[in-house]
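Below, chains carry the letters A, B, ... as their sequence lines are ordered, and counting in each starts from 1.
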Protein chains: 2
Amino acid sequence: MARPPRFDISQLLDAAVRLAAEHGPSGVTMSAVAQSVGAPSGSLYHRFAGRPALLAEVWLRTVEGFQEGYFAALRSGDGPRAGGRAASRHVVAWSRAHPQEAALLLYGAHEFGRDDWPEGHLRRADEGNMRVRAAVAALAGALGLHGELGLERVSLAVVDLPLSLVRRHLRGGEPLPPHAEELAEQCTDALLTVG
Amino acid sequence: MARPPRFDISQLLDAAVRLAAEHGPSGVTMSAVAQSVGAPSGSLYHRFAGRPALLAEVWLRTVEGFQEGYFAALRSGDGPRAGGRAASRHVVAWSRAHPQEAALLLYGAHEFGRDDWPEGHLRRADEGNMRVRAAVAALAGALGLHGELGLERVSLAVVDLPLSLVRRHLRGGEPLPPHAEELAEQCTDALLTVG
DNA sequence: AATATTATGGAGAGTACCCTCTAGAACATG
DNA sequence: CATGTTCTAGAGGGTACTCTCCATAATATT
């Protein structure tokens, strides 16, 4: 009992991803997204409460899409060490497969106006962060790395380090080199070595 | 033979640093900087050709200030390994001493409108990048890490990894924990280990 | 003291963007 | 076919920012 939409949400978010990858988060304006899919600006406000809501949706859809495979990789393999290596490798492989979304991830929620997000989106973001923290803590425990320092070292190994590797290349505009997965895995393994 | 300036360049750049640290690069508008020091907007255009030039100056002054101590640290110590450790430690210590400037570094030249920079500023930026690349290559050579993969591993160890550590905390709004220098040094050392 | 030089101080044009609002179009259901 | 609902379509107000321009002020030199 309603008129069918001509522009659906995912189509608009796809355009937003493209704009964010090319011009940064500030390039994701309501008008730019509208123009990019040929929609009038008014239509955007039927889907999103405002610009902060749009930015939150793009960010969360991307992060959640990434995390899906990330958790699976962490739990895969034989033992915590192998899981860590697989997770690191997944960060790079996923970024290679989704370069635009990876460029988006490298910015961080703050640049996507996190401070202005509606309540519900903030909760979604926090939930994702908690899940990552918990998974990393479990890994650290299984590896025998205790205390604040050990936890942080594991975080660096399986999250920040592979992201750094991706950032180094994508920010330069180049694609990821073929050996990137291999390098990420080696470096993560070196950091997970209990000294 | 001229009226003395009431607002000198460094004072304006200081304000720009403050704004960038608090609201991100997009918060560094000509009006905001002017208002922040109590100057009329016109005065800003006597010092900087436009907003791109202002952003370039803030960025370059900060990066060059950072690199000064960084190169000294890289060359310090006993042998390349110790130099790498000192460099990693320097990244963290400098960020602790200059939290606002560190927040600025974490953004990257691209977010400061690098694409719109005047020619001269681009050259200055390139020169700095070249110097870092050369220093890292020299370190890799001294450590016996050859090839593209070895070079990249050393870059991660002495540049990206310590920056990641800083980012993890500063982006969350927290200050750096006391053990950060120690952790950075340990992790860098682990990555520089020739396996 | 006259002059050249360099700043200030502030008004205002031009532009881009966010968002609102209204009229009407397209469809499912009774 | 009538009705109610959801969407399109686009005009337009409000706001923030960049940049220009010009009259005026303060100084060093002659």
Side-chain angles (χ1 to χ4, degrees), chain A residues 1-59 107 111-119 121, chain B residues 1-59 107 111-119 121:
Chain A
M1 55 174 166
R3 174 175 181 172
R6 251 188 73 190
F7 312 99
D8 67 340
I9 290 195
S10 73
Q11 180 187 5
L12 295 172
L13 291 183
D14 289 345
V17 167
R18 214 164 39 237
L19 287 166
E22 277 178 35
H23 306 106
S26 67
V28 186
T29 68
M30 298 299 262
S31 345
V33 173
Q35 187 177 356
S36 168
V37 302
S41 75
S43 292
L44 271 170
Y45 289 90
H46 283 272
R47 303 274 185 282
F48 307 102
R51 187 169 180 256
L54 166 65
L55 289 176
E57 294 270 5
V58 191
W59 172 259
Y107 282 108
E111 268 97 328
F112 277 82
R114 196 203 157 107
D115 296 348
D116 304 322
W117 286 1
E119 179 64 27
H121 291 96
Chain B
M1 52 173 167
R3 174 175 181 171
R6 253 189 69 192
F7 312 99
D8 66 343
I9 291 195
S10 73
Q11 179 186 5
L12 296 172
L13 291 183
D14 289 345
V17 167
R18 214 165 38 238
L19 287 166
E22 277 178 34
H23 306 107
S26 67
V28 186
T29 69
M30 297 301 262
S31 343
V33 172
Q35 188 177 357
S36 168
V37 302
S41 76
S43 291
L44 271 171
Y45 289 89
H46 283 272
R47 304 275 184 284
F48 307 102
R51 187 171 178 254
L54 167 64
L55 290 176
E57 294 269 5
V58 190
W59 171 259
Y107 282 108
E111 269 97 329
F112 278 81
R114 195 202 157 106
D115 295 348
D116 304 322
W117 287 1
E119 178 64 27
H121 291 96

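For Asp8(A), the side-chain contact (heavy atoms from CB on, under 4.5 Å) criterion is met by Ser10(A), Gln11(A), not counting sequence neighbours. Residues forming a side-chain contact (heavy atoms from CB on, under 4.5 Å) with Pro25(A) (at least two apart in sequence, or on another chain): Tyr107(A), Glu111(A), Phe112(A). Qualifying side-chain hydrogen bond (donor to acceptor under 3.5 Å, both in side chains) partners for Arg6(A), counting only residues two or more places apart in sequence or in other chains: none.
Atom CD of Gln35(B) has 12 or fewer heavy atoms from other residues, nucleotides or ligands within 6.0 Å.
Rounded to an integer number of Å, the gap from OH of Tyr45(B) to P of dA11(C) is 17 Å. If you measure from atom CD of Gln35(B) to atom P of dT18(D), you get 12 Å, rounded to the nearest angstrom. In this entry the distance linking CG of Leu54(B) with P of dC17(D) reads 14 Å, nearest Å.
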For residues 36-50 of chain A, which side-chain donor-acceptor pairs fall under 3.5 Å, sequence neighbours excluded?
unit_1, atom_1, unit_2, atom_2, d
Ser36(A), OG, Arg18(A), NH2, 3.1
Arg47(A), NE, Phe7(A), O, 2.9
Arg47(A), NH2, Phe7(A), O, 2.7

For residues 27-34 of chain A, dump all side-chain donor-acceptor pairs below 3.5 Å to protein atoms at least two apart in sequence or in another chain.
unit_1, atom_1, unit_2, atom_2, d
Thr29(A), OG1, Ala32(A), N, 2.9

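When heavy atoms are screened at a 4.0 angstrom cut-off, Ser31(B) is found touching base atoms of the nucleic acid.
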Got a list of protein N/O to nucleotides 8-10 of chain D N/O distances below 3.5 Å?
unit_1, atom_1, unit_2, atom_2, d
dT8(D), OP1, Arg6(A), N, 3.2
dT8(D), OP1, Phe7(A), N, 3.2
dT8(D), OP1, Arg47(A), NH2, 3.3
dT8(D), OP2, Ser43(A), OG, 3.4
dT8(D), O4', Arg3(A), NH1, 3.3
dT8(D), O4', Arg3(A), NH2, 3.3
dT8(D), O4, His46(A), NE2, 3.3
dA9(D), OP1, Arg6(A), NH1, 2.6
dA9(D), OP2, Arg6(A), NH1, 2.9

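Summarising the geometry, atom CD belonging to Glu57(B) is positioned 6.0 Å from atom CD1 belonging to Ile9(B); distances are rounded to the nearest 0.5 Å. For the atom pair CG (Leu54(B)) and NE2 (His121(B)), the distance works out to 9.5 Å, reported to the nearest 0.5 Å.
Applying a 4.0 Å cut-off to non-hydrogen atoms, the residues of residues 9-29 of chain B that approach DNA chain D are Thr29(B), listed by residue number.
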